Amino acid sequence: MKIIHISFHIQEVEDITELTAAERQLIEASQQMVENAYAPYSEFQVGAALLLENGQIIKGSNQENAAYPSGLCAERVAIFSASANYPGVEMKAIAVSAKTVHHQSDQPVSPCGACRQVLLEYEFKQKQPLKMFLVGSSGKIYLVEKVSDLLPLSFTAHELGRL
Ligand code: THU
């Protein structure tokens, strides 16, 4: 049996001034969007902000529903909105923040599997990396250079012989 190692690295942002002004603004926007979450069932509030190449910041927050599966994560609210309103405009970075009344976590929030799949779709489509800033409630920030790092052995349009 041959072992195949798959690895990637993330960076922890130690000094926020290392980021560009646009990236800092993006992170702040995601933190503000946490307050717009409609999450009465999980009481887990998530905010997402997506920076486009044209400088626009498209925002989203999680939207829940009494019929639980009908709700949507913050990341998908933001990225679907970006693609719907600004089709073809490159997506440079997404910042995700979260908070919950139920426990204190120092760990940055990490996108669920379905969101990784959806984010990857657009990264694959634009053939340019979509950076991710994952933000913790204590201020800890992880930088992931591209979505595909978080979803190895992914299923994409390539498998379908498309794009
Ligand atoms: N949630 C997000 O918005 N993004 C994620 O990546 C993880 C989970 C939302 C979905 C649901 O409204 C709540 O958090 C609890 O799962």
Side-chain angles (χ1 to χ4, degrees), residues 6-13 16 19 22-52 56-86 89-126 128-157:
I6 298 174
S7 66
F8 75 101
H9 69 268
I10 60 172
Q11 294 171 69
E12 185 178 339
V13 179
I16 193 105
L19 304 180
E23 288 170 338
R24 290 201 296 268
Q25 204 190 335
L26 188 72
I27 288 165
E28 272 170 35
S30 75
Q31 289 168 324
Q32 285 162 9
M33 283 308 286
V34 165
E35 304 306 325
N36 289 6
Y38 174 61
Y41 305 106
S42 71
E43 297 184 311
F44 187 82
Q45 297 175 242
V46 187
L50 186 72
L51 177 66
L52 302 184
Q56 292 257 15
I57 291 182
I58 311 301
K59 302 173 206 169
S61 60
N62 55 329
Q63 301 296 313
E64 297 186 347
N65 193 281
Y68 287 9
S70 304
L72 201 59
C73 292
E75 297 90 321
R76 277 178 282 167
V77 170
I79 204 160
F80 286 152
S81 174
S83 182
N85 289 293
Y86 300 94
V89 180
E90 194 181 315
M91 300 166 179
K92 304 299 280 183
I94 186 167
V96 190
S97 297
K99 76 167 187 194
T100 177
V101 287
H102 295 292
H103 71 106
Q104 276 282 33
S105 172
D106 181 39
Q107 276 309 101
V109 61
S110 195
C112 77
C115 285
R116 293 177 196 207
Q117 182 70 33
V118 167
L119 295 169
L120 183 69
E121 178 77 21
Y122 296 99
E123 183 177 82
F124 190 85
K125 178 173 175 262
Q126 71 184 15
Q128 293 299 325
L130 171 56
K131 274 192 205 177
M132 310 175 79
F133 292 100
L134 310 180
V135 186
S137 31
S138 67
K140 191 183 209 177
I141 302 169
Y142 286 159
L143 165 59
V144 181
E145 286 296 337
K146 53 189 186 309
V147 177
S148 58
D149 284 344
L150 284 192
L151 199 58
L153 297 181
S154 56
F155 184 84
T156 64

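Everything quoted here is computed from the prediction, not taken from an experiment. Counting starts at 1 for both ligands and their atoms, following the listed order.
Checked against salt bridge (Lys or Arg N to Asp or Glu O under 4.0 Å), K59 has no partners two or more places apart in sequence or in another chain. Among residues two or more places apart in sequence or in another chain, the side chain to side chain donor-acceptor pair (under 3.5 Å) test is passed with S154 by none.
Annotation for ligand 1: atoms under 4.0 Å from non-hydrogen atoms of E64 are 11 (C), 12 (O), 13 (C). Which parts of ligand 1 touch P111 is read off a 4.0 Å heavy-atom cut-off, strictly below it: atoms 6 (O). Within ligand 1, the atoms closer than 4.0 Å to a non-hydrogen atom of E75 are 2 (C), 3 (O), 4 (N), 5 (C), 6 (O), numbered from 1 in the order shown. Counting atoms of ligand 1 from 1 in the listed order, those under 4.0 Å from a heavy atom of N62 are 3 (O), 9 (C), 11 (C), 12 (O), 13 (C), 14 (O). Short contacts between ligand 1 and S42, defined as distances under 4.0 Å to a heavy atom of the residue, involve ligand atoms 13 (C), 15 (C).
Tested against P111 for a side-chain contact (heavy atoms from CB on, under 4.5 Å), the candidates L151, I94, L134 yield a single pass: L134. Among Q11, H9, K131, the single residue meeting the side-chain hydrogen bond (donor to acceptor under 3.5 Å, both in side chains) criterion with E145 is Q11.
Here the protein heavy atom with the shortest distance to atom 3 (O) of ligand 1 is A74 N, 2.9 Å. Of the protein's non-hydrogen atoms, the one nearest atom 1 (N) of ligand 1 is C73 SG, 3.5 Å.
Donor-acceptor pairing under 3.5 Å is lacking for the side chains of E28 and S30.
Contact analysis puts C112 in contact with ligand 1, with a non-hydrogen atom separation below 4.0 angstrom.
Contact of the S42 side chain with the H102 side chain is not registered, since no non-hydrogen atoms from C-beta on lie closer than 4.5 Å.
One finds a salt bridge joining K99 and E35 here, because a Lys/Arg side-chain nitrogen approaches an Asp/Glu carboxylate oxygen to under 4.0 Å.
Within a 4.0 Å radius of atom 16 (O) of ligand 1, the protein has no heavy atom.
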